[in-house]
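Single-structure report; data block below.
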2 protein chains.
Amino acid sequence: MSVNLKQLAEALGISQTTVSRALNGFPEVSEKTRRKVLDMAQQLNYSPSPHAKKLATGKSKTIGHVVPQSDHMMINPLFSDFIAGAGETYSEAGYDMLMSIVPRDQEENTYYKLIASKRVDGMMVHAPLVNDTRIALLQKLNMPFVVHGRSADDDDSYTWLDVNNRRSFERATRLLIDLGHRRIGLLNGLESMTFAQRRRMGYLDALEDARIDADPGIMFSEDMMEPYGYRRMHELLKHKNPPTAVLCSSILPAMGALRAVQEAGLEPGRDVSLVTHDDMLSFLSNSGDIPMFTALRSSIKAAGERCAEMLIEAIENPQRDPTHELWETELVLGSSTGPPQRP
Amino acid sequence: MSVNLKQLAEALGISQTTVSRALNGFPEVSEKTRRKVLDMAQQLNYSPSPHAKKLATGKSKTIGHVVPQSDHMMINPLFSDFIAGAGETYSEAGYDMLMSIVPRDQEENTYYKLIASKRVDGMMVHAPLVNDTRIALLQKLNMPFVVHGRSADDDDSYTWLDVNNRRSFERATRLLIDLGHRRIGLLNGLESMTFAQRRRMGYLDALEDARIDADPGIMFSEDMMEPYGYRRMHELLKHKNPPTAVLCSSILPAMGALRAVQEAGLEPGRDVSLVTHDDMLSFLSNSGDIPMFTALRSSIKAAGERCAEMLIEAIENPQRDPTHELWETELVLGSSTGPPQRP
DNA sequence: AACCCAATTCAAACCGCTTTGAATTTTCGG
DNA sequence: CCGAAAATTCAAAGCGGTTTGAATTGGGTT
């Protein structure tokens with residue numbers, strides 16, 4: 001059905017060495033020979049054994065993703081959109097994607113094993129924590145990697161791609177303030193992750209700028225899921241001094257919040273304003289002429305694509321310095337915002 | 001840092017053969033020797049090279065998933081929940097998961113290449129179509145695989161795990177009929193996929209049983225996304241003869257539908273009844289004492305786990321006959337259903 | 001002590017590719 | 001036409017395991 005290198009070489013009456021070089025584009029093989037080899041390879045349906053190749057070269061053409069199991073870090077759909085983007089890019093570049101889903105307590109060990117056994121040429125790091133040990137480990141092992149997000153602000157010793165979360169939330173908060181809101185709630189993600197911290201800081205920056213005191217009573221930090229948004233919004237609407245606007249860290253709690261608002265018979269954008277960060281999840285599209293939500297928009301799938309490019313770049317040019325990209329979000333006006341109701 | 005088999009053998013003063021056999025649990029090695037080998041392996045931090053092992057054995061201990069790119073077949077979050085379940089099981093069993101995200105037109109070729117190059121020991125097939133060529137290909141190549149879903153009803157020539165979609169939707173429809181509804185809308189998934197076809201049949205079964213004529217004007221078949229549910233429900237509410245209840249194929253359009261209902265100032269369960277199939281997506285939990293939606297529930301993550309088990313089983317016992325599991329859904333009463341309003 | 005059979009252990013071949021260092025063939029100026 | 005340099009090609013040695021077939025060791029008999 002298909003042959004190996006040796007058989008191909010025999011069929012051609014040429015040494016394996018030359019055949020191998022012809023196929024891999026080495027310059028010292030004559031064009032005439034190369035053509036013959038390529039033709040015959042095609043004809044005999046030759047395809048090299050990746051295992052043998054990996055063993056011989058020590059390279060695996062594979063990129064690893066380690067995903068902790070009970071995943072509070074990576075909300076499912078965010079993760080899969082990122083994977084979709086990265087995966088396409090890997091395929092185009094001829095890389096395989098190896099995905100390891102392991103219990104949280106085996107996460108580091110999994111990194112270690114994947115690397116020690118040379119199963120991967122590079123790693124993608126998701127959802128960095130404030131003080132992330134994975135980064136230190138990867139640096140120590142000298143393995144190329146890209147972080148989606150950042151750990152500390154000032155650490156440029158590794159390659160990352162991040163959204164300017166702080167600026168983004170500052171803008172959103174400012175928008176609400178400019179509309180006249182003085183009491184703005186925050187439904188943030190889990191603040192053990194750096195992006196959530198930066199979002200809160202942006203929010204606080206804008207409040208401080210407008211000399212509005214932050215009220216911890218209307219600021220929350222939980223997993224970005226639909227019921228979270230619903231529950232908290234429900235509470236907020238009953239608050240003795242309810243916010244007139246709420247800022248959400250993801251479209252999932254935003255939908256929950258919307259549900260609570262509608263259920264209370266209120267109209268979003270008139271009775272309560274909502275702004276959300278929107279990762280452009282394909283199955284929850286917030287689009288249309290006038291989108292449902294006013295949103296800070298940044299495609300997480302595009303981030304996946306770009307991170308993959310950066311990682312492949314880093315793998316193939318190990319000597320290069322780390323690079324960084326800080327993406328600004330797009331602020332899209334939807335129907336969920338408006339000036340506050342005057343009492 | 002870590003040694004290979006040869007070095008380990010030298011350190012022990014024993015042949016590689018014996019060391020290899022000791023490590024792999026062959027019976028012909030004496031217990032005394034085995035103990036010495038294991039101890040030394042531990043001490044020298046020996047770990048076998050997977051590449052070498054794959055080359056020598058021809059087995060890859062890897063399971064492949066091929067995902068078409070512009071994925072109308074596999075709604076993102078459904079897919080990732082399934083992956084999460086399968087991935088955990090793979091890890092526990094010592095298998096790697098290889099994920100290929102490729103353009104639709106390269107899908108078959110990708111299967112072929114993964115198999116021909118021996119990169120995988122088995123494949124997981126998602127979202128079977130009515131006449132699915134992947135299944136024929138895998139059977140021809142004699143590669144173990146499991147289908148999540150089924151292609152034709154009567155084909156037991158391969159291993160599958162499916163939800164009893166027909167029965168499930170029949171039950172749901174019957175529930176609505178029993179509540180007094182006579183006009184029931186359907187927001188189905190894309191009917192190029194077999195599961196959606198079966199759901200429609202179940203729905204039609206129940207209608208016919210109750211001698212209710214089906215009305216194609218209130219039956220839809222699209223990608224299971226939030227905006228679909230919103231848009232169609234919005235239309236249905238304006239219909240000259242609007243349905244009093246609507247059946248949704250997934251919680252995503254169900255949420256869209258709910259949004260439309262609430263936006264119209266109606267109360268779900270009183271003014272309009274909604275029933276949905278619920279895959280128990282972790283980030284959209286439809287739980288609580290009284291769940292938001294009356295739902296047909298079946299965990300897609302659990303399906304992923306079980307499919308993975310079945311696949312590993314098939315890989316390790318190639319001679320066994322194909323197995324099948326048809327799961328019944330759980331019918332959970334939520335607050336989104338009630339008798340129709342009497343005019 | 002000699003012998004046989006079973007239990008262990010081993011040297012070497014093999015999996016399929018890359019790469020080193022040497023050998024062979026071409027090319028070309030003189 | 002010759003010899004040296006340049007261009008090609010090749011045999012063999014890895015990469016790090018598994019597995020075959022033979023060799024060695026050990027225990028039990030006579």
Side-chain angles (χ1 to χ4, degrees), chain A residues 1-38 40-41 44-62 94 96 113-121, chain B residues 1-38 40-41 44-62 94 96 113-121:
Chain A
M1 183 123 196
S2 90
V3 300
N4 62 26
L5 187 64
K6 187 173 173 187
Q7 296 168 313
L8 175 56
E10 274 166 7
L12 283 158
I14 295 185
S15 78
Q16 286 192 42
T17 310
T18 303
V19 175
S20 169
R21 296 200 150 137
L23 293 169
N24 290 299
F26 280 56
E28 64 262 48
V29 58
S30 75
E31 273 317 310
K32 193 175 51 175
T33 314
R34 189 190 307 279
R35 178 120 325 276
K36 277 197 299 190
V37 171
L38 290 174
M40 184 64 85
L44 298 188
N45 185 27
Y46 169 76
S47 87
S49 151
H51 298 325
K53 198 162 208 159
K54 289 172 187 178
L55 180 57
T57 61
K59 312 201 173 285
S60 64
K61 292 286 261 181
T62 300
D96 285 337
K113 285 198 304 197
L114 287 177
I115 294 167
S117 64
K118 296 195 187 346
R119 255 189 303 224
V120 297
D121 292 341
Chain B
M1 186 120 195
S2 89
V3 299
N4 62 25
L5 187 64
K6 188 173 173 187
Q7 297 168 313
L8 175 56
E10 274 166 9
L12 283 158
I14 295 185
S15 78
Q16 286 192 40
T17 308
T18 304
V19 175
S20 170
R21 296 200 148 139
L23 293 169
N24 290 301
F26 279 55
E28 65 262 49
V29 58
S30 75
E31 274 316 310
K32 194 173 50 173
T33 313
R34 190 191 305 279
R35 179 118 325 276
K36 276 197 299 188
V37 171
L38 289 173
M40 185 64 86
L44 298 188
N45 186 27
Y46 168 77
S47 86
S49 152
H51 299 325
K53 197 161 207 159
K54 289 172 187 178
L55 179 56
T57 60
K59 311 196 173 286
S60 64
K61 291 286 262 181
T62 300
D96 285 336
K113 285 197 306 196
L114 287 177
I115 294 168
S117 65
K118 296 195 191 335
R119 256 191 302 226
V120 297
D121 292 340

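All values reported here derive from a predicted model rather than from experimental measurement.
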Do side-chain atoms of B/Ser20 reach the backbone of B/Gln16 as a donor and acceptor pair under 3.5 angstrom?
no
Shortest non-hydrogen pair, A/Leu12 vs A/Lys36, comes out as CD2-O, 3.8 Å
Below 4.0 angstrom, which residues in residues 26-36 of chain B have at least one non-hydrogen atom near DNA chain D?
B/Phe26
Look at atom NZ of A/Lys118 and say whether more than 12 heavy atoms of other residues, nucleotides or ligands are closer to it than 6.0 Å.
no
Residues in residues 49-60 of chain A with a heavy atom under 4.0 Å of DNA chain D, by number, are A/Leu55, A/Ala56
Nucleotide D/dA11, atom C1' - distance to CD of A/Gln16 in whole Å
10 Å
A/Ser15 and A/Ala9 have their tightest heavy-atom pair at C-CB, 4.0 Å
Write down the atom of B/Asn24, the atom of B/Lys53, and the distance for their closest heavy-atom approach.
OD1-NZ, 3.8 Å
Using only side-chain N and O atoms of B/Ser15, determine if any of them is under 4.0 Å from OP1 or OP2 of C/dC10.
yes
So, the side chain of A/Ser60 versus the backbone of A/Arg119: is there a donor-acceptor pair under 3.5 Å, distance only?
yes
For A/Ala52 and B/Leu55 the tightest heavy-atom approach is CB-CD1, 3.9 Å
From the list C/dT20, D/dG16, C/dT18, which nucleotide is the closest neighbour of the side chain of A/Leu5?
C/dT18
A/Glu10 has an atom CD; how far is it from atom P of D/dA11, in whole Å?
11 Å
Going from CD on A/Glu31 to CG on A/Leu38, what distance comes out if it is rounded to the nearest 0.5 angstrom?
8.5 Å
Report yes if some heavy atom in the side chain of B/Met40 is under 4.5 Å from a heavy atom in the side chain of B/Ile14; otherwise report no.
no
Which atom names give the shortest non-hydrogen contact between B/Val29 and B/Arg34, and what distance separates them?
CG1-NH2, 3.0 Å
Rounded to the Å, how far apart are B/Arg119 CZ and C/dG16 C1'?
15 Å
I'd like to compare against my own output: the B/S/- annotation of nucleotides 23-28 of chain D with a strict under-4.0 Å heavy-atom distance to protein.
------
Which is true for A/Ser117 with a 4.0 Å heavy-atom rule: it touches a base, it touches only sugar-phosphate, or it touches nothing?
nothing
Between B/Thr62 and B/Lys54 the two heavy atoms that sit nearest each other are OG1-NZ, 4.1 Å
Per the atom types in the model, does the base of D/dT19 pair as donor or acceptor with the side chain of B/Ser20 at under 3.5 Å?
no
Of A/Val19, A/Leu8, A/Val37, the one forming a side-chain contact (heavy atoms from CB on, under 4.5 Å) with A/Tyr46 is A/Leu8
Between P on D/dG17 and NZ on B/Lys61, what's the gap in Å once rounded to a whole number?
17 Å
Send over the distance from A/Lys118 NZ to D/dG16 P, rounded to a whole Å.
7 Å
Can you see if the side chain of A/Asn24 gets near the phosphate of C/dT18 - specifically, an N or O under 4.0 Å from OP1 or OP2?
yes
Report yes if a donor N or O on one partner sits less than 3.5 Å from an acceptor N or O on the other, where the partners are the side chain of B/Thr17 and the base of D/dT19; otherwise report no.
yes
Write down the distance between NZ (A/Lys6) and P (D/dA11), rounded to a whole number of angstrom.
12 Å
Quick check for you: among D/dG21, C/dT19, D/dG17, whose closest atom lies nearest to any side-chain atom of B/Arg21?
D/dG21
